[in-house]
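Throughout, protein chains are lettered first and strands after them, A, B, ... in sequence-line order, and every chain is numbered starting at 1.
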Amino acid sequence: MLIHIGCWVCVVQIHFVILINRQGKVRLTKWYSPYTQKERTKVIRELSGLVLNRGPKLCNFVDWRGLKAVYRRYASLYFCMCIDQDDNELEVLEIIHHYVEVLDRYFGSVCELDLIFNFHKAYYILDEILIAGELQESSKKTVARLIAAQDSLVEAAKEQESSISNIIAQATK
Amino acid sequence: MALSGMRGLSMFISDIRNCQNKEQERLRVDKELGNIRGKFKNEKGLSPYEKKKYVWKMLYVYMLGYDVDFGHMEAVSLISAPKYPEKQVGYIATSCLLNENHDFLRLAINAVRNDIIGRNETFQCLALTLVGNIGGREFAESLAPDVQRLLMSSGCRPLVRKKAALCLLRLYRKNPDVVNIDGWPDRMAQLLDERDLGVLTSAMSLLVALVSNNHDAYWSCVPKCVKILERLARNQDVPQDYTYYGIPSPWLQVKAMRALQYFPTIEDPSSRRSLFEVLQRILMGTDVVKNVNKNNASHAVLFEALALVMHLDAEKEMMSQCVALLGKFIAVREPNIRYLGLENMTRMLMVTDVHDIIKRHQAQIITSLKDPDISIRRRALDLLYGMCDVSNAKDIVEELLQYLSTAEFAMREELSLKAAILAEKFAPDLSWYVDVILQLIDKAGDFVSDDIWFRVVQFVTNNEDLQPYAALKAREYLEKPAIHETMVKVSAYILGEFGHLLARRPGCSPRELFSIIHEKLPAVSTSTIPILLSSYAKILMHMQPLDSELQRQISAVFRKYESCIDAEIQQRAVEYLALTVKGPALADILAEMPKFPERQSALIKKAEDAEIDTAEQSAIKLRAAQQGSNALVVADPLPANGTPPVGSLGLVKVPSMNTNTNYEATQKALPQPNGALSEMDSQQAIPSPDLLGDLLGPLAIEGPPGDAAQSEPGSASGAEATSNVVDALALAPVEEQPNSVQPIGSIAERFQNLCIKDSGVLYEDPYIQIGIKAEWRAHHGRMVLFLGNKNTAPLDSVRALILPPANLKMELSLVPETIPPRAQVQCPLEVVNLCPSRDVAVLDFSYKFAASMVNIKLRLPAVLNKFLQPLSLSAEEFFPSWRSLSGPPLKLQEVVRGVRPMPLIEMANLFNTYHLIVCPGLDPNPNNLVACTTFYSESTRAMLCLIRVETDPADRTQLRMTIASGDPTLTFELKEFIKEQLVAIPANPRAPPPSQAPAPPPAQAPTQVAALTDPGAILAGLL
C-alpha cells in the first residue's frame, strides 16, 4: 500500500519540531532534516501563519508544501511536528502529547513561563524522546529518570566547583 | 520546578520579555551579543560556568530569530570540555545551531568519536544524540562501526543502545553502505528479540528505514515483527510504563505494521495467519471513546492496520470490512478521524477494485466538501477526484462547480483544474464538457489557466457536431453584462471560427456578432485584442453576402490598430487590413482551422505539477522552471519569411495562426523534451510548397505569439537557432564522459522487480533516486517518474529521453532542467500499447552534479505482462475457444528445456503474478497447468489468450507449452515471454540489452576529486 518513493534515501519521520505561542513567538525549534538558517526562518513564518489561524474544533493536520504539519494546542502554546504525506498522523499527534506529559511531570503542571525560563530543559527532554526524528522512548518513567540523572550530574559538578573555588579562595587569602 | 539556577540567563530572558516592542528587543539583544562577543574574544577570563551561560544566552537569542554565527565555534568547542555540564551545553547548542552541512561540524568529529568510544556512558549518550540529530555523510563514514558496536554490545545499558539504534538509522539515511557488512540482517533480526521496549522501539524504527530501501535481506524479520505485534495486541508481558492510555505501546505497534508493509507479501502461512488474527482483532476491537488521547492512540494503530490489510490485499471480505469502517469514519464528529477516513479511502482507491463500495459513500463525501475545515475539504476533493468515473462524473463535477463559487481562494485553482480534468476525462457527451468549462470560466475566470480554454477550443475544432452548440453558448455568455476576460477570449475565438454556423438564428448575423464582440474590446487587455482582431477577420471572411457597411467598420478597427504600440496587435491589424482588400483570396488564406492532432491533455500534466510542491519549491516556481526548460524547444518560431517559395503570403500566414499556436506552446506535450531540437531543424529545412502543409509545420512546434511576431525580420529566430546549436554542442563532449557515479543496488534487479510490481525504485545512486509508479488500464498505461534529488545542492542539466520500441507510443511530459535540493519532481509518462511485442522502452537519463555529467540508460517496465488483465474461465467457456483456435500460427506449441526447476504450485504463482490466471481443474492431468488472460493493444484490442503447460514430474527442467490467441504475433510473443520467465526468472535475471548502462568504473574517485578542486562544488556542498 505504501508508495515510498521519497526524496530522501528513506523516509524521515519527523522533519522538525516547532513550539510557538499564540503571538507567534518561538519557544523551541528542533530540525532533523537539514534546513539552512534562511529556510528555518521561512518555515517558521509560514507554518505559524497557517497553524495560528486555524479555528478550534478543526482537525490537527494541515497540508504544507507537500508535507503535513501535525499540531496541537495546549493553552497558549502550539506544538507542531512536520511529517511526510503518508506518515501516520495520529501516531505523531500522540508523540506530541507524550512530550507534553513528560514536560508536565518534570515541571509540575507546566506552563509557558517554565518553557521560557528553562528552554534548555525543554531541549534536554526532547532529546530523550526523539532522535533523528524518530521516537526514542515511550516510557515516561524512564525519561524522567534519565533527566533526573542528568540534573544531578550538573548539580554535583556545581558543588564540586564551588568547593574548589572555596579552597582556592581559602588558599589565596 | 525551580528556575534554572543561572541568574544571568534568567535576568536576560526577563529583560527581553519586558521589552515593549521589537526595536527595544533588538537593542537589548545587540547589547547582549556585543557583550558575549567580547567575552568570547577574551577567553582567558571565562570560567566554564560563564562560558556555558553565554552559550545558552546565544541559543536563546538565536531562537528569537537573530543571527549568532559568530558563536558557532564556541558552541562546538564546548563539546570537548572535560566536564559534563559544559559538554552537555556544547552538544545541545551545536545540534540546535548547526545543520549537517556546516563546516564547523567537521571540527567536532574527533571529539564526538572520542566520547562514543570512551567509557563514560553519559558522554556516549550525548554524542549519539548529536550524531543522530545532525550527523551527515562524513559522520556516517567515520563513526558507523563504533555506533554498531554499541548497538550490539551486551555490556551496554538500554539507554545507550536505543540511542545507538536511532543514530545508526540517521547514518544509514546519509549513507546506506553503513550496514553493508556481513551478517548484518541476522543481527537486525536478533535485535528484534530485545526485551527492553525502549530499545525495541528504536530498533523497529531502524528496521523500517532498512526495509523501505531494500526488504530482501530482512525476510527473517517478518515472523519476529508478527510476534511482537501478537505480544502487544494480547497485552502480554508489556510493562505498565509502556502502556499508553491502556494501549500497549501504540508506537511500536504502528512501526511493526509499517515495517511489514515494505514486504511484498507474507508467505509463511503461520505468520500470515497470526498476523491476520491480530489485524482482525484491531479492526473489530477499536471503539471510539471519550478520552481524546486514548482515541488517537487506538486509531493510530487502527489506521496502520487498515494500511497493512490493503497492502496484503486481503480477502474480499476483510477489504469490504475496511471500507465499511472508513465509511463510518467519514461521518463521525471527531475531525481527525473524518480527515483520516477520507485520506485512507483515497489511498484505498489506488490499491484494489473497491470503487463500487466507495461510491456508496459518495453523498457523505460530497458533504465533506462543505466541511468547515479546509484540511478536510482538501481530502474530500482528492477523494472525489480519485473516485470519479464515467458513471458519476456528472454528479461530481457539478458538485465541484457549485462548490467553486463559495470555495476560498486557496482552493479555487486546484478545484477548477480538477473539475476541468474530470470533465474532459469522463464527459458523457461533449456538449456537457463545453458547458462545464464555460461555467468554470464564468465562475472562476481568474483561476482558469489558459490551458483550460485552449483545450476546449481544441475539442470544439476537432468535433464538427459540437461547433454550432459551442458557438451558441459563446454567444449567450457574451450577452452577460460583466464577463471574465478569459470568457471574452474563448467566446470571440469560437464565434470567429464557427459563428457563421449560427447565421440563421436571430441575433447571430455577422453584424450582430461583430458588435457584441466589439463591445468588449475597450475593457480587455492587450493579450486579448489580437484574438478579437482575428475574430473580426474571420467574421469578415465568412460573411455571405458581403456587407459593405460591416466591412467598413471592421477595416476601421484594423486601421485604428495599425499604429498600435504592441507589435503583435499592430502586425495583425496591418496584415488583416491588407487582406480585406483581397476579396475572395481572403477565404483561402483565412481558411478554417484544421483539426488539431490528438494529444494528451496538458491539464492533466499540470495537475501533476501542482502536486509536486516540495519543501523547498512551490508548485508555481517549479512550473516556471519547467517552462524555462521548455523555452529551448518552443522559443524557436520558424522564420516564416526564411522559407524561400512562399513570398508575400509568408508574411500573413504566421500571424493568422498565432492564436492557435498558443496551445502548442503550452501543450508541453513534446514527446522528447530537449531532444526535439534535431526534429525542428529538419522541419525547418524542408520548404513546403503546400500552403496547408506549411501552416501545419510551424503549428507543431511553434513558439508563443510574441516570439512569432518578432520573427518578421527573421534575425531573432536565427540567433536563437544558433544558440541552440551551440547548446547542443556544449552538451556533447560532456556527455561522453564515463559515469563516475555508482548506482545503489542492482539496476537489473530493480527492473525485474518493477516488471511484477507497479511501483518502486527504478534507479538510485548517491545523487538521485528515480522511482516509478504506474497504472495500467487495457492498452493504456500511465507511469509517473519520480525524480528525487537526494542532495542539498540542485541537480542541473537534467534530461530524460524516452526511446520507445515500435510497439509502444510513449509521451513523457516535460522534465525540468533543474531539480532543486532535496526535492522530488514527478514526470508523467503516457504509454499506449500498439501491438504485441516484447521490446522494451529505454529511458536515456542524464544529469549534472557538481562538475560531472552522469548518463544512464534504463529499461522501463512497460513490458508485455502490464497489458495483460487477469481473467478466469470456466470449462464451458474455455474449451470452445481452445478448439476454435487450431494450429499455427494462432496456436503454437513448443518444448522448452532448461526450465528452472520449481514445484507446480510455484509455477502457478509465477503465472499469476504475470496476470496469467491459472484455472485449476480444467486439465484433468494434475501435472498440467491451464491459464488464461486478456491482452490489450491498439491493434488487437482485447484479445483472449489461452495457455497450457504440460510438465514432466520426472524431469522438472523441461515442459511443453501451448499458447493460443486470435493474433499470430501475439501468440508468438506471449510464448517467448513466458519462456523467458520460466527459464530465467528470478534466479538469473536477463542480461541487460546492449543499450543498458555500461558498467560503471569501479572507483568513485573522479567525483570526489572534482568536488574538492572545483570551488563551485565546494560552495554547493556548504550551502
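- Between chain B and the options A/Lys57, A/Gln160, A/Lys141, the largest number of non-hydrogen pairs under 4.5 Å is found for A/Lys141.
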**OP:** Show your reasoning for whether side-chain contact (heavy atoms from CB on, under 4.5 Å) applies to A/Leu153 and B/Lys83.
**Re:** CA-CA 10 Å; A/Leu153 270 177; B/Lys83 290 214 188 88; over 6 Å; no

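- Looking only at heavy-atom pairs under 4.5 Å with chain A, the residue among B/Met204, B/Glu334, B/Arg379 that has the most is B/Arg379.
- Proximity of B/Gln88 to A/Tyr124: side-chain heavy atoms (C-beta onward) are separated by under 4.5 Å at one or more points.
- Here the side chain of B/Asn99 pairs a donor or acceptor atom with the backbone of A/Tyr35 at under 3.5 angstrom.
- Neither the backbone nor the side chain of A/Thr41 comes within less than 4.5 Å of any heavy atom in chain B.
- The most heavy-atom pairs under 4.5 Å with chain B, out of A/Leu93, A/Val26, A/Val92, A/Asn60, come from A/Asn60.
- When atom types are taken as modelled, the side chain of B/Asn133 and the backbone of A/Ala132 share a donor-acceptor pair closer than 3.5 angstrom.
- No other option in A/Lys38, A/Arg54, A/Arg27 has as many heavy-atom pairs under 4.5 Å with chain B as A/Arg54.
- At a 4.5 Å heavy-atom cutoff, the contact between B/Leu97 and chain A is made by backbone atoms alone.
- Within the 4.5 angstrom heavy-atom criterion, only side-chain atoms of A/Gln37, from C-beta onward, approach chain B.
- The structure places CG of B/Leu130 at 9.0 Å from CG of A/Asp127, a figure rounded to the nearest 0.5 Å.
- With a threshold of 4.5 angstrom between heavy atoms, B/Thr129 approaches chain A through its backbone and through its side chain.
- The greatest number of non-hydrogen atom pairs below 4.5 Å with chain B, out of A/Gln136, A/Glu137, A/Lys140, is found for A/Gln136.
- Residue B/Ser14 touches chain A through both its backbone and its side chain, counting heavy-atom pairs closer than 4.5 Å.
- Contact count versus chain A (heavy atoms, under 4.5 Å) is highest, among B/Thr201, B/Leu340, B/Leu59, for B/Leu340.
- With a 4.5 angstrom heavy-atom cutoff, B/Lys52 touches chain A only via side-chain atoms.
- If you measure heavy-atom distances from A/Ile116 to chain B, the contacts under 4.5 Å come from both the backbone and the side chain.
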Subject >> A/Asp86 vs B/Arg347, side-chain contact (heavy atoms from CB on, under 4.5 Å): CA-CA, chis, key distance, verdict >> reply: CA-CA 9 Å; A/Asp86 42 10; B/Arg347 285 185 190 161; 3.5 Å; yes

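- Residues B/Lys163 and A/Glu128 are paired through a salt bridge, judged by an N-O separation under 4.0 Å between the basic side chain and the carboxylate.
- Considering OH of B/Tyr245 and CD of A/Glu94, their distance stands at 7.5 Å, rounded to 0.5 Å.
- Looking at B/Ile819, neither its backbone nor its side chain comes within 4.5 Å of chain A, counting heavy atoms on both sides.
- Proximity of A/Gln13 to B/Lys255: side-chain heavy atoms (C-beta onward) are separated by under 4.5 Å at one or more points.
- What you find for A/Asn88 and B/Glu304 is that their closest heavy atoms are ND2-OE1, 2.8 Å.
- Using a 4.5 Å cut-off between heavy atoms, B/Gln240 makes no contact with chain A at all.
- Using a 4.5 Å cut-off between heavy atoms, B/Tyr91 does not touch chain A at all.
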**OP:** Show your working on side-chain contact (heavy atoms from CB on, under 4.5 Å) between A/Gln150 and B/Cys125 and close with a plain yes or no.
**Re:** CA-CA 11 Å; A/Gln150 286 178 13; B/Cys125 287; over 6 Å; no

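- A distance of 4.0 Å separates OG1 in A/Thr142 from OH in B/Tyr242, rounded to the nearest 0.5 Å.
- Contact of B/Arg333 with chain A is not made at all, since no heavy-atom distance falls under 4.5 Å.
- The choice from A/Val154, A/Ile131, A/Leu146 that makes the most heavy-atom pairs within less than 4.5 Å of chain B is A/Ile131.
- Side chain of B/Arg338 to backbone of A/Cys59: no donor-acceptor contact under 3.5 angstrom is found.
- Using the six-membered ring where Trp is involved, A/Phe61 and B/Tyr339 have ring planes that are tilted, between 30° and 60° apart.
- To the nearest 0.5 Å, the span separating CD1 on B/Ile337 from CG on A/Leu90 amounts to 5.5 Å.
- Between A/Leu135 atom CG and B/Ser249 atom OG the span is 7.5 Å, to the nearest 0.5 Å.
- Heavy-atom distances place no part of A/Ile44 under 4.5 Å from chain B, backbone and side chain included.
- Proximity of B/Phe303 to A/Glu91: side-chain heavy atoms (C-beta onward) are nowhere separated by under 4.5 Å.
- Heavy atoms closer than 4.5 Å to chain B are found in the side chain of A/Glu101, but not in its backbone.
- At a 4.5 Å heavy-atom cutoff, the contact between B/Arg17 and chain A is made by side-chain atoms alone.
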**OP:** Evaluate the side-chain contact (heavy atoms from CB on, under 4.5 Å) criterion for residues B/Tyr244 and A/Ser138: first the C-alpha distance (whole Å), next the side-chain angles of each, then the deciding distance (0.1 Å), finally the verdict.
**Re:** CA-CA 8 Å; B/Tyr244 183 82; A/Ser138 60; over 6 Å; no

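- Atom CG in B/Leu159 sits 8.0 Å away from atom CZ in A/Arg145 (nearest 0.5 Å).
- For chain B, the nearby part of A/Arg40 is the side chain; its heavy atoms alone come within less than 4.5 Å.
- Across B/Trp56 and A/His120, no two heavy atoms sit closer than the pair CH2-CB, 2.9 Å.
- Ionic pairing of A/Glu134 and B/Arg173 is present here: one or more N-O contacts between side-chain nitrogen and carboxylate oxygen are shorter than 4.0 angstrom.
- In terms of non-hydrogen atom pairs under 4.5 Å with chain A, the most contact-rich of B/Lys162, B/His299, B/Glu100 is B/Lys162.
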